[in-house]
There are 2 protein chains.
Amino acid sequence: DQTSHLICNGGKTLTMDTLNPQVKAVEYAVRGPIVIKAGEIEKYLEEGGTKPFSEVIKANIGDAHAMGQQPITFLRQVVALCTFPELMDSPSFPEDAKWRARRILQGCGGHSLGSYSASPGVECIRKDIAAYIEQRDEGVPSDWENIYLTTGASDGIMTILRLLVSGKDSSRTGVMIPIPQYPLYSAAISEMDAVQVNYYLDEDNCWALDINELYRAYQAAKLHCQPKVICIINPGNPTGQVQSKKCIEEVLHFAYEENLFVMSDEVYQDNVYTPDCQFHSFKKVLYEMGPEYFNSVELASFHSTSKGYTGECGFRGGYMEVINMDPEVKAQLVKLLSVRLCPPLAGQAAMDVIVNPPQPDEHSYKQFHQEKSSVLGALADKAKLTEQILNAVPGIKCNPVQGAMYAFPRIFIPPKAVEEAKALGMQPDMFYCLRLLEETGICVVPGSGFGQKDGTYHFRMTILPSIEKLKVLLGKVRDFHISFLKEYSALE
Amino acid sequence: DQTSHLICNGGKTLTMDTLNPQVKAVEYAVRGPIVIKAGEIEKYLEEGGTKPFSEVIKANIGDAHAMGQQPITFLRQVVALCTFPELMDSPSFPEDAKWRARRILQGCGGHSLGSYSASPGVECIRKDIAAYIEQRDEGVPSDWENIYLTTGASDGIMTILRLLVSGKDSSRTGVMIPIPQYPLYSAAISEMDAVQVNYYLDEDNCWALDINELYRAYQAAKLHCQPKVICIINPGNPTGQVQSKKCIEEVLHFAYEENLFVMSDEVYQDNVYTPDCQFHSFKKVLYEMGPEYFNSVELASFHSTSKGYTGECGFRGGYMEVINMDPEVKAQLVKLLSVRLCPPLAGQAAMDVIVNPPQPDEHSYKQFHQEKSSVLGALADKAKLTEQILNAVPGIKCNPVQGAMYAFPRIFIPPKAVEEAKALGMQPDMFYCLRLLEETGICVVPGSGFGQKDGTYHFRMTILPSIEKLKVLLGKVRDFHISFLKEYSALE
Ligand SMILES: Cc1ncc(COP(=O)(O)O)c(C=O)c1O
Ligand SMILES: Cc1ncc(COP(=O)(O)O)c(C=O)c1O
């Protein structure tokens, strides 16, 4: 009862028993227990402790700059000019950066990055984004009033889900997500007490989305909840898969037929590496399906400063484009955004540079272009290298990394190791990843954090370390895996 | 039924009927209908339309830079250096700014503001904040691991409430908030489906918190919900009141007795203007009440880059200090924060400057000190001026603006005007503010957006416009109010 409870927790109001149970249900593997462990080992090494390795290599999170990627000079110039406008007089800043900064500041209250913007973002930045989308999508119209700047894509995704999720018991909102998924989705679903409706991507077909599986998942879900929204991540995290136009058409047709709200997470739209793949935006494909589709399917798509060739995660910049939303609901969306006042202005400015980069006739074009190509070229090389080295290891099978920043190889875990993990109350792939970390210093995330078919095991690693470090990492993974198989006598 | 529904809304999935009802319930007056109207009038004027005034003066939101306040040079220098480290070589940046920027970057992954930080924030910034709090509170210990950087104070407040709010029906969490309040609180309570428990501040006593009223509100609430948390805003928004040490002791004693979690919103801690008032942090007062209190009351206090003398709203910087939180719950808090990855790094850097400003022996001290005093001096002058001019108007009564950035005068609205408003389905103070806007171009927020005793009417205005503009504004309010009283024949 209440009294004994007060006694045993020292009279605290907020305890594991009284905590919002939806918070308790949240899981977020990308920064989960294995990452906390990695941090502890790092500290231990710093303080002079010894391990069979000299450094922890963190391949757990898509954090490019942390892995040594250099910022795009032009982007930083514009943001620095906005931050400290006295630099407008400095001859070391190019004119094309200055005019962009001036334009952004003109859109800010008091011409300062220190004022709140309108909740959907600075108007001229919204307009630049709409223009960029029109160009990207080869003329498909984009209305700037459908653009909302966000605090990273995470914030946009949470906000749209917040609008959609409601109901209790069998009328709870079902949210369809791919498995494997980026765990922001499952975490948001837990936090909001929605129903997670899994559709499994087809590992045997390069992690492609299988439309029959969508129908299966939908029909099964309808028996116990109200599926209202389908989330797609393209290019995929953690899969690295890039969706074909035909597949996107099928998804949109399905959403149209079943009256589902579509959330397309396109934060990796600039990260496509294999020549036979191409990024197709859901919006453009919808347009090409004709006005019956384009004027009716409710679609929110998300972009971010964190990925692509900029990797500006710390700026927390992003936007969403929302089409076919009921105008009254749009007013509600703006109201909801206004409670948190606005997204960070430096992130908004960074987003503006991404959608409005130097043009061929501008001074900064050459350097910008070089820096961009060098980042994307290196990522393409590392994608290929990762796939090749992993696939040469017995008991590891890795689909091609067509895009995004991750490999999600399948790993064979011998039955004896599975048993040992279970005896420890651990997922077998968590057991595997913890051993990998402790023996080699390599930090990757177990597949169970993203979801996977029962009885299959994976880990997710980023391809972000420098090529030298990546080679070391992959070599260590190979050696570890082989000795792991040996230890549990699955080899020879 | 479902089919007819589909027909009448054009087949949309997300409509006012299907929208999360908790979102629908949210209200946020600071950016509500009157502000939207003000924006429309501004556009109309820009496009050459005519009105009885030439510009809209926005006194609706605490957005200092938008009102012309200049940024603190040193803060912007540090953030610009962090953004574009090439500037470290520039002789136009002072060494004291450079070493701070270098130190911040050393705490960032890859030494870049573009990497995600740990979810609670950059470690060295957390340490600087803890050191600052210890100094501010004259030696009361502060543990850096209790400090969490946030995306503005808004984000911190929402996050702590998210942990606390749970339950259904009569076990729903009750959140005690002052009336009038800053509407982030009521909005968050609606969004999370908690129970808003109002305690009324004492207008006749300069808006002081009355401890008997707290007990009354608490007892009444216990009959239909579980009050778990009390929120205090000190210095007050919208009241401008600064709490006495005795009052804070009483609140803390009450929280201790009733086992309530305390949230103290101290974003205006640097905004105290009247010589007889002083800011006392809840943490320090708790400490002085002795270890029985200091080691048990669960307290989260909030600060922000948006207010004070910096007014850096656009950076979305802030922090919270959380003491006596159950360690397991703390782990849950970190998990929740990690889903959104991290607060914006530029905001974290700005926060670092606020807690670690130039010292007397440093190069930038003089200019920093001048700029800071000039901002705070002007605010103090404007606080006094606002109170004086408003109190000279018949039918307006304004408590002293002791701190924060707002006046919340009580306005007499004649019965005939109240009737007319009601006939229009409008709150009388909304009716008043709309007329004020349409006739004078002055945008203030109706008291009903913050809460007020039934039958009393107020508006909230900021004291942020320049002194010249503020005089114009106050003169216009006076003339409007007098003619409004005349029109509804309450005068003469
Ligand atoms: C698929 C996907 N969506 C969204 C995000 C969120 O990124 P941010 O909030 O930094 O924009 C990420 C980050 O890794 C991601 O991989
Ligand atoms: C009392 C109070 N708390 C919190 C905030 C939130 O400010 P921010 O999120 O910009 O830090 C405000 C903003 O006006 C405020 O007045």
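These numbers come from a predicted model, not from an experiment. Labels below follow one simple rule: chain letters A, B, ... track the order of the sequence lines, proteins then strands, and each chain is numbered from 1.
A 4.5 Å side-chain heavy-atom check between A:Asn20 and B:Leu164 finds every atom pair outside the cut-off. For the pair B:Val339/A:Val26, a side-chain contact is recorded, criterion being any heavy-atom separation below 4.5 Å from C-beta on. Contact annotation: the side chain of A:Tyr116 approaches that of B:Arg316 to within less than 4.5 Å [non-hydrogen atoms, C-beta and beyond]. Using a 4.5 Å heavy-atom cutoff, the side chains of A:Leu87 and B:Leu87 are in contact. Within the 4.5 Å cutoff, side-chain heavy atoms of B:Gln332 are placed close to those of A:Met16. Within the 4.5 Å cutoff, the side chain of B:Leu14 has no heavy atoms near those of the A:Asp326 side chain.
Salt bridge status for A:Glu123 with B:Lys43: present, with a side-chain N to carboxylate O gap under 4.0 Å.
In terms of non-hydrogen atom pairs under 4.5 Å with chain B, the most contact-rich of A:Lys58, A:Glu312, A:Gln70, A:Glu86 is A:Glu312.
Atom CD of A:Glu292 has 12 or fewer neighbouring heavy atoms from other residues, nucleotides or ligands inside a 6.0 Å radius.
Contact annotation for A:Ser154: only side-chain heavy atoms (C-beta onward) come within less than 4.5 Å of a heavy atom of chain B. Using a 4.5 Å cut-off between heavy atoms, A:Arg76 contacts chain B through both its backbone and its side chain. Both the backbone and the side chain of A:Met325 come within contact range of chain B, with heavy atoms under 4.5 Å apart.
Side-chain contact of A:Ser112 with B:His65: a donor-acceptor pair under 3.5 Å is present, judged by distance alone.
When the side chain to side chain donor-acceptor pair (under 3.5 Å) test is applied to B:Lys24, no partner is found at least two apart in sequence or on another chain.
Nearest heavy-atom pair, A:Ile61 versus B:Leu341, reported as atom, atom and distance to 0.1 Å: CD1-CD2, 4.2 Å.
In this structure, CD in B:Gln22 is found 12.0 Å from CG in A:Leu163, a value given to the nearest 0.5 Å.
Sorted by first and then second residue, the salt bridge (charged side-chain N to carboxylate O under 4.0 Å, His left out) pairs involving residues 151-169 of chain A (not counting sequence neighbours) are A:Asp155-B:Arg340, A:Arg162-A:Glu191, A:Arg162-B:Glu191.
Ring centroids of B:Phe93 and A:Phe84 are separated by less than 6.0 Å, placing the two rings close together.
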